[in-house]
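See below for the structure under consideration.
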Amino acid sequence: MKEIVFAGFGGQGVLTSGLIVSEIAVSNGMNATWIPSYGSAMRGGTANCTVKFGNGRIFNPAQEKPDVLLAMNTPSFNKFIDTVAPNGTVIVNSDMVEYDPKVREDVKYVDVPCQTLAKEINHSKGANIIMTGVILKSIGEFTDQQAIDGMNAMFDKKGKGKFKEMNTKALKIGLTQI
Amino acid sequence: MKEIVFAGFGGQGVLTSGLIVSEIAVSNGMNATWIPSYGSAMRGGTANCTVKFGNGRIFNPAQEKPDVLLAMNTPSFNKFIDTVAPNGTVIVNSDMVEYDPKVREDVKYVDVPCQTLAKEINHSKGANIIMTGVILKSIGEFTDQQAIDGMNAMFDKKGKGKFKEMNTKALKIGLTQI
Amino acid sequence: MKVKVESLRCKQCELCVVNCPKDAITFTEEFNEFGYRTTVIDDDKCIGCGICYTMCPDGVYEIIGE
Amino acid sequence: MKVKVESLRCKQCELCVVNCPKDAITFTEEFNEFGYRTTVIDDDKCIGCGICYTMCPDGVYEIIGE
Amino acid sequence: MAKARKIPEIAKKPSSFCPGCGHGIAIRLITECLEEMGQDTNVMFGIGVGCSSLLGGVLETDRLHCLHGRAGAVCTGMKRVSPNQMVVSYQGDGDAYSIGIGETTSAAYRNENISVFVVNNTNYGMTGGQMSNTTLPGQKTTTSVLGRDCAITGSPIKFPELVSDQFNVAYAARGAVTTPAEINKTKKYIKEALTAQLNGEGYSVVEILSACPTNWGMTPLQSVEHIHTKVVEHFPLGEYKTREAK
Amino acid sequence: MAKARKIPEIAKKPSSFCPGCGHGIAIRLITECLEEMGQDTNVMFGIGVGCSSLLGGVLETDRLHCLHGRAGAVCTGMKRVSPNQMVVSYQGDGDAYSIGIGETTSAAYRNENISVFVVNNTNYGMTGGQMSNTTLPGQKTTTSVLGRDCAITGSPIKFPELVSDQFNVAYAARGAVTTPAEINKTKKYIKEALTAQLNGEGYSVVEILSACPTNWGMTPLQSVEHIHTKVVEHFPLGEYKTREAK
Amino acid sequence: MGEMIKGNHAIAEAAVRFGARLYAGYPITPSTEIMEYISWRMPEVGGAFVQAESEIAGINMVIGGAACGVRSFTASSGPGISLKQEGITQLYDEELAAVIINVVRYGNGIGTLYSAQCDYLRETRGGGNGDYRPIVLCPSSIQEAVDLLGVAFDLSEKYRTVAVLMTEGALGQMMEPCDLPEFIEPKRYPWGFDGKYSYKKVGIFERDSMKEAVAMNEKNAVIKENEQRWADVDVEDADYVFVSFGLPGRSTEGAVEELRKAGHKVGIIRPITAWPFPEKAFEKVNPNVKGFISVEANATGQMVEDVALTVKKKFSDNKPVYSLAYVYGIPEMEKIQKDYEKIAAGEIKEVF
Amino acid sequence: MGEMIKGNHAIAEAAVRFGARLYAGYPITPSTEIMEYISWRMPEVGGAFVQAESEIAGINMVIGGAACGVRSFTASSGPGISLKQEGITQLYDEELAAVIINVVRYGNGIGTLYSAQCDYLRETRGGGNGDYRPIVLCPSSIQEAVDLLGVAFDLSEKYRTVAVLMTEGALGQMMEPCDLPEFIEPKRYPWGFDGKYSYKKVGIFERDSMKEAVAMNEKNAVIKENEQRWADVDVEDADYVFVSFGLPGRSTEGAVEELRKAGHKVGIIRPITAWPFPEKAFEKVNPNVKGFISVEANATGQMVEDVALTVKKKFSDNKPVYSLAYVYGIPEMEKIQKDYEKIAAGEIKEVF
Ligand SMILES: Cc1ncc(C[n+]2csc(CCOP(=O)(O)OP(=O)(O)O)c2C)c(N)n1
Ligand SMILES: Cc1ncc(C[n+]2csc(CCOP(=O)(O)OP(=O)(O)O)c2C)c(N)n1
Ligand code: SF4
Ligand code: SF4
Ligand code: SF4
Ligand code: SF4
Ligand code: SF4
Ligand code: SF4
Ligand SMILES: [Mg+2]
Ligand SMILES: [Mg+2]
């Protein structure tokens, strides 16, 4: 079973990113859970969700020890870095996050300038999709095609199929970052 | 400890009658409880209360086995006759109640035409006071003077002292009925 | 008879008595089971106008009609 | 300086910018800690009228007065 | 020419209201109208808590004893799932205008297609005569023993006026069950209210000024007199919102 | 001639309202008035549940987060035992006019000597933009996804109008926090309301039309425009009941 | 010995004398006389009386009064108390002191006017959302009602919590002699609002729930340790111990006296605090006791759960616990005695 | 395996498919999505959706729908459910079938938005006046929530009672794959109003409370006998048995699996009905079990009372009962394992 935490500002698309991963897992016959954090402070602040997936039963859907952390901004990095499983992966939005890798020396860091990359392909809202690709690659559980199909199926269901091409492009960029 | 049930139509003054007896007991240093019956049927129907008094502690204030039953109307007689303690006394408003003494042969019946008697002294609302006198006499716990003083003290407290003379007269009539 | 009277229901409120346009209703000396005086209609005076029916809160009257 | 600006509080709503009668307010290229662009006042244009204070929902401005 | 008149079948059981209580006349008028409209076997009542609860022993129709004040909501629920049945709420002034003011006004606000009858006897009858939102200025009740002081407690609420002025309702009126003439007028209002519902026009309300001899400490005749001399002064009779279809 | 202006001491902490939210202006106006009247350290707030709850992190005054809708009752309790302090309720439209309609109208009905400020943003902001009793006809919300259908849900409630017409209140008005001119007018209304209370004249209410860019899906500037073109059509600005003392 | 007085009137007068200065409520039988009495009495002493538009408004006005540090209370029954649950959990949550009087009447839903004890589980576990536990006091006589009302005010302020005086319809309606308390000077507590923000508070979104949970458990532990109240008779050598509160408890005390006279080794614990439940009372009980018998006026047996939990906690072996639930009213002493005999004879089985 | 769906949406869609045709409610986080979904979905199938002016109006509209024999339901959280207590006790009292969904959020008073299980005692004992007991169903996954919603409607109608789906904030907000039920034809029950007075009723003042109390106890006994539901794992040879429901129960199931792997003889009972509490589940447990451990997401430990009562009833000796109350959220599997070790080591003491 894999556990991934997606964290960032509200608006950075981390909840959607989590949803894409969970959908890919389910469309490939696995179990998955997606759970957002929500608390008393609603306005402003950070958003995050935890996705777990795998072939067995998923007991606790809540965040425990993520194998992968996506940190889209500095507060998120700081909030979750201690929870990452030993030998886990931390995927960092290097356009925004400054960090000291010494805080955890037992994890692998992957720096991705996802906002810059997104701008480059003229898909300003695609940074989260790029990062989804990075995550999927880093997990290595799904083929690129499975990833692309799963993502597009999800957006289709949400009635957001029209961005298919751009999203596919963004995901592919992510898939090639590691 | 003595237990008395006062029962009749609403408006026949049975609650007041019970109050008088309890007040006399308390003003003579005894314990007393007065408890009305009240239930879901509020409009119309019967009213009744239970008074207990004596020198010891009164445990259950509610009606159990009355030593004395005052029955001001037929429904009340029928409702309570079975509960009267063996060798108890049943004081009956013979102006209104028709009954078969065979329903209970182990109790003593005292018939008092209290409404007629009240009319005779021009105190149309005094029937309950007359019956209070009868009850007090039948219990035999208090002197006539204790009874009269206790009753008047109660009415004084209620701001109804002005009927003192008529009430005294009515009580005295009751006290001489047995 | 123009009006049927179900005296058992009467609560002696007097509303019929004072409103009858023909003063046809009076109280009897009888008490019903609940201790209320009951009414009686003077059929000669009564015109079957139905006002007693209208006024009575307790359904004592039924106007027979023609 | 006629107006003190506490940029940390700005949420980039633009209400001050459009209401300033002297067009004295513009957005800078800076982001504050919460990710919002902040405003700057052109002191030469500013007449200290206080409208920016009136419009700002977030207490960014203080009018110094005389 | 005598016309046959008889208590409607669905309300023919004897009631336990006090002598001279206006509730008895009010419910008869409502059931008469339903009968005349052929709706007496196509009706469900939401009954408030108060002396109206005594209708439980009278009415032989579908009826729910609603929680105190909530008939406006209960009747909304009933009507939304039973658009083809008549839904009638029958409440007291305390029930409808105090504890239930939220539900009562909200049903009016939504213009819910129900008919609401409020028996206004200017006090909480069932619980022994406390002040209500319709108690008259200076009226003595068990919670205003020196007479109601409107400077502290507010002045009598005028619900038919309020809904007519503020909400988009189908019909609103105030009648009294005091004299043959007023009773007949009140019956017309009730018929209008029920007709509005039958035609799907929306919310209708009739407030019915009604005697409470027991808690007013008056005879039934004095009570009627009191309504005509004092109560109507604060609660003018008549229609406040007439049906547009008319 | 520049006049010094500064956020009142009691409201100087930064808020967490969304960008362009009208709440921030509304609370500043109220606290400014209190300060100008010398009452800023003689005041207690009853705060409703809604985005107004975010004031918990802002206001440095006595304040109780009232249960949703109940500020009218809580403030009544506070004022009755604290006649010499200013008691202010600060609520949203959902809080005051839906769940709290009973408490809100009843406080007005009693002419309770309190000042009530209702921030009307035509939806339930805090919970993510559901329809409220002030939602405009046709307005899309998360519980009226096709646009509000007033035939089923009722039409926008007009509270200042309602209390002015139906109850004996001291002061009622509606303002907006959209432009310098409207904000200044609204501040005058607020001052009038607070003065009424200070003088013991009774109930005062000011409804404040306010932007909710987040749930309206608009920018702050579009929101202001929306208020002027659409919202005021249903909620006319102005005074509905002026103070008699004036 | 005082004068004959009605339970509800005694409670109302006592509240005034204890310095309560705000009452807000809505009429409901059998509690209404409290409000009726207060309606004229409170103005006499310069206090505030508000006839609220509903029970919800009533409890929220009490919240307003309590927020100002003024002794504030309300009374109701049956469905009226149900409507106050949200307010009660808030009083607890805001650490406001207030007293709620529940003159318990029988029944689910709209209910009846019978006297009963059917709200035990709700009052002791809290019918509102969350984990709060109000202090619950249960009088068995008018004198005790008056005395416990004073305790209720004191404890609610000492611990900054809600206290419920859980009395019964019959106790509200009956009369017996009662000494009323002396007048005490009304106070305004420093944690109450004064308009000056003397007492600081964090906003709802700034609170730390985890820390508060710890603090709440600590506070509850202190109350449990210090505030258990009960009366007991003859428990040290008892074969069977009755547990019963309020008027049924009083009747059971009589039954115990009778049973003892007849040679039965029985005793009684009469809880005076229902929460905290008087667990300590069980420490005195004969370790070889054969069983405990809960006597209550409700339909399902409610307090019996606390009896069983306490017995489990306090005895190393598993003692049987019996339930006599008499639905409503006050059980007759004779009835209790007869049912006791059935229990002793094995005809009535234990429920726990 | 179904598609990913949010818990609240799955519940809303399932209700429509199960034939519910009236929803009335008021928004409150974290239950609001149920209402938002229903607001457009119910009209699609010709059902009634009313956005009520309050939770009280909502539950009373449900009473109206239920009185007509139409499947009716509402959902809320925290204080919103507190406000419905009077309505819930009336539903029970009038023997109307309806379903209440409590998406539990943490906290007393206004409360928080955290997911929790702090309403256990209130839901199982009834927060309204009287002796009523609703059926309470507790899902631990979205699929189970959907399935139990069907059970809730069925049981409420079979027994003419209220059923509560007691779910948690986190379950409402999370997503996982779920198979939605088939559509069933909506019914109108014959005991519902049809305008013709087909189903006779006595007035409130004509009812016989004593008889009804007997009938209520009989009905409750039948429900207790027939409707206990639970899941269990490895209880037959366990030294320690966990008891935990909902999402914490699911996490505890995981902890049990881990502990077993590590050689600890532990098992779990996961109650699916909180009322009736699954007492029968305890009959299978190893008679030499050393103790029971209640795992809950609330501040004080609530279900632990039912665990202790059941243990007292089902075992002749006095087995210790431990309480792990994690306040809010879903306890981590590792945390549960660690606390288990403390219990086994005697570092955490039993509470009953
Ligand atoms: C929630 C609740 N609160 C209070 C009561 C007590 N109660 C019953 S009837 C009533 C007043 C009824 O007054 P009104 O509605 O005017 O009817 P009336 O008896 O005057 O016809 C009250 C307060 C109750 N049953 N339920
Ligand atoms: C009893 C209760 N019901 C529901 C809620 C959930 N709730 C919190 S805020 C809110 C709506 C607030 O809307 P409004 O009053 O208009 O304030 P706004 O956020 O728009 O300023 C609701 C429904 C609650 N906290 N308590
Ligand atoms: S029908 Fe008319 S005339 Fe005849 S008794 Fe009745 S009221 Fe009088
Ligand atoms: S109106 Fe009816 S109840 Fe009243 S006196 Fe006449 S017959 Fe009797
Ligand atoms: S004070 Fe007036 S002129 Fe100066 S920046 Fe502000 S709005 Fe513009
Ligand atoms: S009004 Fe205030 S918050 Fe908005 S842009 Fe100007 S300074 Fe920033
Ligand atoms: S108390 Fe008043 S309203 Fe109730 S039945 Fe008697 S007279 Fe009618
Ligand atoms: S949601 Fe709306 S009302 Fe709430 S803070 Fe944001 S903009 Fe303001
Ligand atoms: Mg009334
Ligand atoms: Mg709003």
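It should be emphasised that the depicted structure is a prediction, and the values quoted were computed from it without experimental measurement. Lettering follows sequence order; numbering is per chain, from 1.
The stretch residues 157-170 of chain F places none of its residues near chain G, where near means some heavy atom under 4.5 Å from a heavy atom of that chain. Contacts from residues 159-166 of chain G to chain F, taken as heavy-atom pairs separated by less than 4.5 Å, involve no residues at all.
With a 4.5 Å cut-off on non-hydrogen atoms, G:Glu86 touches chain F through its backbone and its side chain both. Looking at F:Cys75, neither its backbone nor its side chain comes within 4.5 Å of chain G, counting heavy atoms on both sides. In this structure, chain G has a heavy atom under 4.5 Å from the side chain of F:Arg110, while its backbone stays farther away. Looking at F:Ser53, the atoms closer than 4.5 Å to chain G (heavy atoms on both sides) sit in the backbone and in the side chain alike. Contact of G:Val202 with chain F is made through the backbone alone, with heavy-atom distances under 4.5 Å. Using a 4.5 Å cut-off between heavy atoms, G:Ala57 touches chain F through backbone and side chain atoms alike.
Remark: side-chain polar atoms of F:Arg63 are paired, donor with acceptor, to backbone N or O of G:Lys201 under 3.5 angstrom.
For the atom pair G:Asp93 CG and F:His65 NE2, the distance stands at 10.5 Å (nearest 0.5 Å). Separating the OG atom in G:Ser72 from the CZ atom in F:Arg80 is a distance of 13.0 Å, to the nearest 0.5 Å. To the nearest 0.5 Å, atoms OG1 (F:Thr76) and CD (G:Glu53) are separated by 7.5 Å. With rounding to the nearest 0.5 Å, the separation of CG in F:Asp62 from NZ in G:Lys196 is 9.0 Å.
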Query - Evaluation steps, salt bridge (charged side-chain N to carboxylate O under 4.0 Å, His left out), between G:Lys200 and F:Glu60 - result: CA-CA 8 Å; G:Lys200 308 283 178 255; F:Glu60 297 193 278; over 6 Å; no
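The shortest side-chain heavy-atom distance between F:Ser82 and G:Phe193 does not fall under the 4.5 Å cut-off. Residues G:Tyr197 and F:Ile10 fail the side-chain proximity criterion, which asks for heavy atoms closer than 4.5 Å. Residues F:Glu103 and G:Ile56 have side chains in contact (heavy-atom distance under 4.5 Å, counting atoms from C-beta outward). In this structure, the side chains of G:Arg21 and F:Val81 stay at 4.5 Å or more apart for every pair of heavy atoms. The shortest side-chain heavy-atom distance between F:Leu64 and G:Leu96 falls under the 4.5 Å cut-off. Looking only at side-chain heavy atoms (C-beta outward), F:Met44 and G:Cys68 come within less than 4.5 Å of each other.
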